[in-house]
Undergrad: 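Attaching a single structure in structure tokens format; questions to follow.
Atoms considered below: every heavy atom in the structure, side chains included; atoms not considered: hydrogens, waters and symmetry mates. A note on names: the letters A, B, ... follow the listed sequences, proteins ahead of strands, and every chain is numbered from 1. Not measured: the values here are computed from a predicted model.
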Amino acid sequence: MVLENQDNRNLWEKIGDFFSANSIWMKWYCTGCGAIELPPTMTSRFDMERLGMGPMATPRQADVLLITGYLSSKTLRRVIYSYEQMQDPKYIVAFGSCTINGGIYYDSYATINQLDKYIPVDLYIAGCMPRPEGIMNAFADLITMIKKGQANGWRHYQENYEWYKQNQLDSLKEVIIHDEFHE
Amino acid sequence: MTLITVLITLLTLAAVTYLLSLVNSKLGAYFTIVTSLATIVMLFLIKDSIGQSYSLSFFTFKLTTVGWYFSMVMVTVYFTTAFLNPFWIKKMIYPAAYNLFFLVSLIGTIGMFFARDFITLFICWETVVWTSTFIIQMGKSRKSSYVYYVVSAIGSMVTLFAMMLVYQVSGTLEISTAFSALSGQPVLALIVFFTFILAGLSKIGIFPFHVWLPMAHGSAPHTFSPVLSGGLVKMGAFIAYLSVTAFAAYEVFANTFTIMGIPAPLYIIMVLGAISIVVGTVMAIRQDDAKKLLAYSSVANGGYILIGILLYDQIAFAGGMLHLISHALASATAFITIAIVAYRTGTTKMSELGGMIHRMPVTYTVYLIAIISMAGIPPMGGFVSKWLILQGLADRGLLFLAAAAFFGSIGSFMYVFRPLSAVFLGQLAPKYEKIKEANIMMQIPMYLLTIATLLVGVFPNVVLRVIADIQLEAGIQEIVLVGNTIVVSNGVLDALRVFIVFGYGFLIALVIFILRRKSRRVTLMDTYTSAEFIHTPELLHYSSNFYAPFERLTKKPYPVLNLYEKVSIKIKEIGHMAESLFSSSKPAITIFWIIIVFAIFFLGGVL
Amino acid sequence: MNNPVLLIVIPLLLAFLSVIIKKAGKWLLLVGLLFNTALAFFITTGETIIGGFAPPYGINLVVDQFTLVGVILINTLMLITIVVSFDLVGKYSIVLLTALAGINGMLLTGDLFNLFVFMEITVIAAYILSAQAKKYHHTITYLVIGSVGSVLYLLGIILLYNLTGSLNMADVAAKLPLLTTKELLVPVLLIFIGIGVEVKLMPVSGWVKGVYSNANRLIAPLFASVIAGTALFVFGKLFVSVLPVSDTLTLLMLIMSVMTFVFGEFAAFNQKRVKNILLYSSIGQAGLVTALFISGLVYAAVILLISNVISKLIMFTIAGAFTEKYETDDYESLNGVFVHNKFTGIAFTIAALSMAGIPLLIGFYAKLNILIGFFQAQNYVLPAIILLMAIVEGAYIIKLLLALWAPGKEGQVSEKSFAVEKKQLLSVKNTIICLIVALVIIAGGVLIDITEKVVTDGQPLLGDQSPSFTISQSKGGE
Amino acid sequence: MTVMNFVYGFIVLLAAFIFQTALTGVNRKVTARIQKRYGPRWYQQFLDIFKALRKGSITHGWVFDFGVIMALGGIMATVIFIPVAGFEAFPNMDNVFVISYLLAVGMLGMAMSAAGSGNPWASIGVSRALTNMVAYDVPLMIVIFTLIFAFDTASVSEIAAMQQGMGVLGWNAVRMPLGGIVAFIALFGMLGKKPFDSFIAPAEIASGPMVEYGGKHLGFMFILHELMTFIEVSLILSLFFGGGSSILVYAIKYAILYTLVNIISQVMPRFKIDQAVKFFYRVPLVFAIIQGLVVIFLGWGVSVWF
Amino acid sequence: MIRVASLLLLMIGLYGLLSTRNVIKMIISINIMELGVNIFIVSIGFVTNGVAPILTSQVNSSLSNFVDPLPQALVLTSIVIGLGITALGLAFARKLYKKYGTYDLAKIGGMKDE
């Protein structure tokens, strides 16, 4: 969701975005079949670290959340919970068609079709699981977006929080579960 | 204001406290605070008449700087702990007796530190022993006060043997001159040395005799265990001091073979001290009850004090003496804070506690400063004394003692941090949501002790100057103090400058922290749990068997207590054998024994 | 008027009177005791001849400082025991009066056979008293062993008479050095075993457990402090001034008494019932006193004897009160009994701590004298044993006290509610008396100079020159 | 203690931070090269730190923040005390025990705030970190004890000065070979490098104590980690490898040592924490004691060998 | 010769006490022992062809060898005491029998001893 590029960031934010762009830590949420694509991007052939990107253990420390596959309602709850545990500025990159329009599971009762309705996705990568080249290309685009200050899905999430929350409740009835019985 | 008037006023005050607490026990408890305060004031008044000696029927006293120093350490612990008495007195079964024994044991310790002859030393020692036995019984277990009495009795009886032996050899009971007669017979000197120092070892809680420490401190009434571990352990240090100065161990054993430059008997005792450091640390790490953990830490710190004092040179001796006051302050504060937590929550078991910082922030900070000093970390007093001891050991090249000392000081980070994170930090269980902070009366001693620990840490020379006088009085080279720095043959320490630079660093970090964006406050339950939803805080609190891998390494070490139980079972068997052999309801057996005795004696006589 | 023989005659006279006037028996007993105690303070040292014949032939009563202390102590103790348990006297006044006469006779007499006669009187009175507990097989055991002992003692005296031709103690003592130790071996041995039975030396004291553990509040202190005290005084007189013995025999006797001391303490450590603890502890103390007499430390022995006897009086009375009021004296089931009767508890604790040798009590003063005495005699082994036993003794006494004072199981803070149900142990009168006696224990330990003056009155006891612990010594060169 | 000392202190602090962060960046490239990939730019570490500082962060209460500040404050104070090639911000304050125990302030501060976060991962991480410290510190301290006994001084700069002038032979690692080995192994433990980094294992306990740190707290942790590395490496360098006579020599020796450690650690597996303690109390402890006895009794290590 | 016989009697008495459990037998053996000692006491004073130590008209000078009167006096008391103890023993034996129904101490010992 690329906004028109009226660049109203002040200098300080520009520098901040420069740093955020050049050192993106990712928390990849291995749902579905996309997870297997990431190790090759990190290892010697494609070496994601050249772009300043590297894996991090917890959402608290991560900048970008990679959703790599279809999302059942249970997983969606966990994704939303992790997303809210991350600090802003945070970005979301969605892999594959399952996150765009449900992919091959579009008519399944268990999965959600459009990820964008629940959490603000900054960047989609087409492909029924994109190969590492596609992922590297997407990351390069993400870096330029951040530099230009266009990757502000997180601000959009904060501004239309009720809308998102309503969508989430419509499909999940309850996002944060308070006792372990009705999972 | 002579020492005798001090003791007599204290005795009358103790009697008044007893009568008061018969009327109303809370009033009596408050009066114990007044009495211990009066002791401090009086001790300061008689500070200038050092060197005079007094006598009261068969008690004789001599005012010495070392005695003054020891009693000052003791009285500070008693005074600060007395503040807790009013809140626990209702739980005591004999409140009046508790108040009386609390003060009588204080008077006993002061009498002991100023004793001039053996009998006064022994009488004051025993009064402290039996009064504290009857106080410990008011705690959770009778067995622990029984074991406490037996171990102290072993120590004191053996020391009485040494005293009488020396009296017979030298003809005089005066401590300072009696031992000099021993330089003649080396064998007798050895016997006297090992028997005399035994009481010290049993009181400090050195390795074979440390059995009573965790039991007594763990189960004594909450207001008496700070006194037990902070104060009464120091009586043993005084005996160690006597065995080095009055007994002049270094001259008497000058010609015995030396290990690593130290006369053999002294080295054996120091090795025992080193073992007790290791045992104390290893056992402290395993404990689940906070009070038992602190008790084992007293065993470990007792080892430091013993090694420091027995080295009897310019550096390590000063370190040992300084460690006396820094350990006393630190362990007294730690025990008081744990007592306050127990007062509010009713338990000292770490696995049942957690997150106290949210309800008792003041107690938390006081405990933090206490454990920083107990672990020997720079800005606090514990560091300066441990630094002196380690420099002393390095100066004389005592490798094995130093190894134990290092293990002890680094191990202390582990066992000191365990209560901090298990009791104070981590998740707060819902049932403790309503507990309140310690009330004002309890906070006063905590503030006093914290300020004292800080002062000893940042301005150690105030205390070291007194220790230098002690060294002069004991006739060894005194420690060199230049302004605020301690100059030692292989190192220099300026505790104030360390504190200032630490503050400077802290300031820079604070500035960076404030410059950056304000962080969003989040509840404790909103933590990273691999996206699992959690509901019960107490299950999320990590506190039981905190150091599981390390505990697996040191599987159950040999419990020394079994040794004592084996001996007592052996005595019971002999007793049972004697009983069944000699006294039975049939006369024939006794007549049989009469004939046997007659036959044996007849043969004996004839030969 | 202050003729010591009255001490024996008046009680006998009152005994006969009380046979006639059955009802007034108790009061006659009280009169006899009061008279005896009063008279005991007025007796002067010296010798009184009885029956007109001069000493080597006739019998005489020898009163030196040692006997004077014995007489005063035992009479006052008997008075206190009877006064405290006056309600239990019942029909035993005759027996008690004869016992009183026998005891005073044993202490005062200077003639060996006369000692045998008075010993028999006391022992017979003791048999009857021990039957009070209706445990007749114990009484018969006591009777059999006692009579065997007295028979051997009699044989011993006669052999002695055969060798020296006289029965008077002073005379025998004068003639003994002429004889070789070989000849003296058998008679001295027989006397030692004969007296040993009464003094409760371990191998020969089979009867003690049965008799003491079933005695009530009157009989138990009587046995433990009065009769035992007399036996020890007599043993002291015999084996210090009368029968000098060869060193091998002394060594054997010393071994036997130290063995008694050690086994007594160990057995006491093993007991569960209060009375058993006390009886074995008194056996142990008796062993220690005999060891001191044999090695010649008379002053230390007397002080220890006094402290032991006084503490046993209080403790046995209270132990008797336990069985009387709670039907059991197993200290586990009596947990926290002193919570309800504090003053009795305080008296019991002071007596117990004095036995454990806690300072500022007479027990500690006794221990100091023992140690100084032994060290003076260059003997290092015995003090070591004594101090080790002091640890064992301290251990079982503190275990006893802790159980009685602090109710509640392990791991519980003791509260009043855990204690045994509330019963009043002793009547107010008895508690006050016990406290006064406890006060004497404290005074004996604190004012040691006065204790020494009262006991020795200047002259050394039975010629024992060993130094004692005095205030001047502790000051050292001021 | 004039203002100049504080200014020098700040300069040392800044220089140490910049030098070490650059060196870490280079070493990330070296690690990448080992794994046959190009690795990030040399200034990537700066970028990471400033990015972390820029981000927003959460806090679990005042102890969470206070612990981080106290940790960084303590470590900064220690850096100020480190003598770099003879230059000390505060003269003769560089006692070995002061430095090693001030290090403990950093450790304690971090532990306190981690435990304060209420996350069990953090507490497990802290308990492993303290056990790890007990493991590596005792052999190291024994060897340092032997140094103090041999050279009769506990000040780091003096020990460093005694090793200069004789080239490689002067180094303590050569004079006391066993001591040198122990120190080098202990360096791995101190830095928390691969064989002994079970307390920040990302997969196992979600990076241990740092589980709840995000944003500026994470930035603080990175700065803390850099400065602690600087202290530890320079300590070992000055004590055992003859600290540089001039700043340039010091920097080169420092870089070589750190890269060597980094290279070795990249190929090592990760010890379980009790295996680490068992390892340290078998090989290094025995070496340290042998070295100690040799120096104390035979006095071989004190003078130069050839 | 008499002395050896009396000591033998003492031994028999002692053996009697050792071997029996029965209370009555014990009292009897005590009496045997007492008898042995009394005979021994009397035999001490024996002087070969001595004269009874009573001053009569013909025997009134101190030269004639009197038999030693002292042991005889002693033996009288000792017999009386022996009598006393036996009487007491029998009384207790009767009470024992009434209470326990047997004279055998071993059986009584088995019952609750305390």
Undergrad: So which part of B:Arg418 gets closer than 4.5 Å to some heavy atom of chain D, the side chain, the backbone, both or neither?
TA: neither
Undergrad: Who among B:Leu420, B:Leu493, B:Ile500 has the most heavy-atom pairs with chain D under 4.5 Å?
TA: B:Ile500
Undergrad: Rounded to the nearest 0.5 Å, how far apart are OG1 of B:Thr485 and CG of D:Asn92?
TA: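 Reported to 0.5 Å precision, the distance equals 8.5 Å.
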Undergrad: Between B:Phe417 and D:Leu108, does the side chain to side chain contact (heavy atoms under 4.5 Å, CB included) criterion hold? Intermediate values first, please.
TA: CA-CA 8 Å; B:Phe417 182 75; D:Leu108 183 77; 4.0 Å; yes
Undergrad: Does D:Met141 reach the side chain of B:Leu390, with side-chain heavy atoms less than 4.5 Å apart?
TA: no
Undergrad: Closest approach of D:Ile142 and B:Ala403, non-hydrogen atoms and distance?
TA: CD1-CB, 3.8 Å
Undergrad: Do you know which two heavy atoms are closest between B:Pro379 and D:Val105, and how far apart they sit?
TA: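 Shortest heavy-atom separation between B:Pro379 and D:Val105 comes out as CD-CG2, 4.5 Å.
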Undergrad: Kindly compute the distance separating NE2 (B:His541) from CG (D:Asn119), expressed to the nearest 0.5 Å.
TA: 12.5 Å
Undergrad: Could you measure the distance from the CD atom of B:Gln427 to the NE2 atom of D:His60? Nearest 0.5 Å is fine.
TA: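 Those atoms lie 9.0 Å apart.
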Undergrad: Which bit of B:Lys518 is near chain D, if near means a heavy-atom gap under 4.5 Å: side chain, backbone, both or neither?
TA: backbone
Undergrad: Might you point out which heavy atoms bring D:Ser127 and B:Tyr542 nearest each other, and give the distance in Å?
TA: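 Between these two residues, the closest heavy atoms are OG-OH, 4.2 Å.
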Undergrad: What distance separates D:Thr131 OG1 from B:Ile410 CD1, expressed to the nearest 0.5 Å?
TA: 13.0 Å
Undergrad: Taking all heavy atoms of B:Tyr547 and all of D:Leu130, pick out the closest pair and write down the distance.
TA: OH-CD1, 3.5 Å
Undergrad: What's the shortest heavy-atom distance between B:Ser409 and D:Tyr101, and which atoms?
TA: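 Looking at all heavy atoms of both residues, the shortest contact is OG-OH, 2.6 Å.
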Undergrad: Of the backbone (N, CA, C, O) and the side chain (C-beta and beyond), which part of B:Leu399 lies under 4.5 Å from a heavy atom of chain D, both, or neither?
TA: both
Undergrad: What's the separation between atom CG in B:Asn490 and atom OG in D:Ser155, rounded to the nearest 0.5 Å?
TA: 10.5 Å
Undergrad: Side chain, backbone, both or neither: which part of B:Phe424 has an atom under 4.5 Å from a heavy atom of chain D?
TA: neither
Undergrad: So which part of B:Arg521 gets closer than 4.5 Å to some heavy atom of chain D, the side chain, the backbone, both or neither?
TA: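 Contact with chain D involves both backbone and side-chain atoms of B:Arg521.
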Undergrad: Is chain D contacted by the side chain of B:Phe502, its backbone, both, or neither, given a heavy-atom distance below 4.5 Å?
TA: both
Undergrad: Under 4.5 Å heavy-atom distance to chain D, tell me which part of B:Leu553 shows up: side chain, backbone, both or neither.
TA: side chain
Undergrad: Non-hydrogen atoms of chain D under 4.5 Å away: do they reach the side chain of B:Leu368, the backbone, both or neither?
TA: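 Side chain only.
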Undergrad: Taking every heavy-atom pair that is under 4.5 Å apart, which of B:Gly376, B:Gly505, B:Gly355, B:Ser519 has the most such pairs with chain D?
TA: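 The candidate making the most pairs under 4.5 Å is B:Ser519.
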Undergrad: Side chain, backbone, both or neither: which part of B:Tyr504 has an atom under 4.5 Å from a heavy atom of chain D?
TA: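 Interface part for B:Tyr504: side chain.
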Undergrad: With only heavy atoms counted, which part of B:Ile512 is less than 4.5 Å from chain D, the side chain, the backbone, both or neither?
TA: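 Both backbone and side chain.
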Undergrad: So for B:Thr523, is it side chain, backbone, both, or neither that comes closer than 4.5 Å to the heavy atoms of chain D?
TA: backbone
Undergrad: For B:Asp494 versus D:Met93, what's the shortest heavy-atom pair and its separation?
TA: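 Looking at all heavy atoms of both residues, the shortest contact is O-CE, 3.6 Å.
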Undergrad: Taking the side chain as every heavy atom from C-beta outward, state whether D:Phe90 and B:Arg497 have any pair of such atoms under 4.5 Å apart.
TA: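 Side-chain contact under 4.5 Å: yes.
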Undergrad: To the nearest 0.5 Å, how far apart are OG1 in B:Thr529 and CH2 in D:Trp121?
TA: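 Separation between the atoms: 9.5 Å.
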Undergrad: For B:Leu539, is it the side chain, the backbone, both, or neither that has a heavy atom closer than 4.5 Å to a heavy atom of chain D?
TA: neither
Undergrad: For chain D, which candidate among B:Phe546, B:Phe383, B:Phe400 shows the most heavy-atom pairs at distances under 4.5 Å?
TA: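 The candidate making the most pairs under 4.5 Å is B:Phe383.
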Undergrad: With a 4.5 angstrom heavy-atom cut-off, which part of B:Phe407 approaches chain D: side chain, backbone, both or neither?
TA: both
Undergrad: Picking from D:Phe64, D:Phe220, D:Phe66, D:Trp62, what satisfies ring-ring contact (aromatic ring centres under 6.0 Å, His included) with B:Phe513?
TA: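 Result for ring-ring contact (aromatic ring centres under 6.0 Å, His included) with B:Phe513: D:Phe220.
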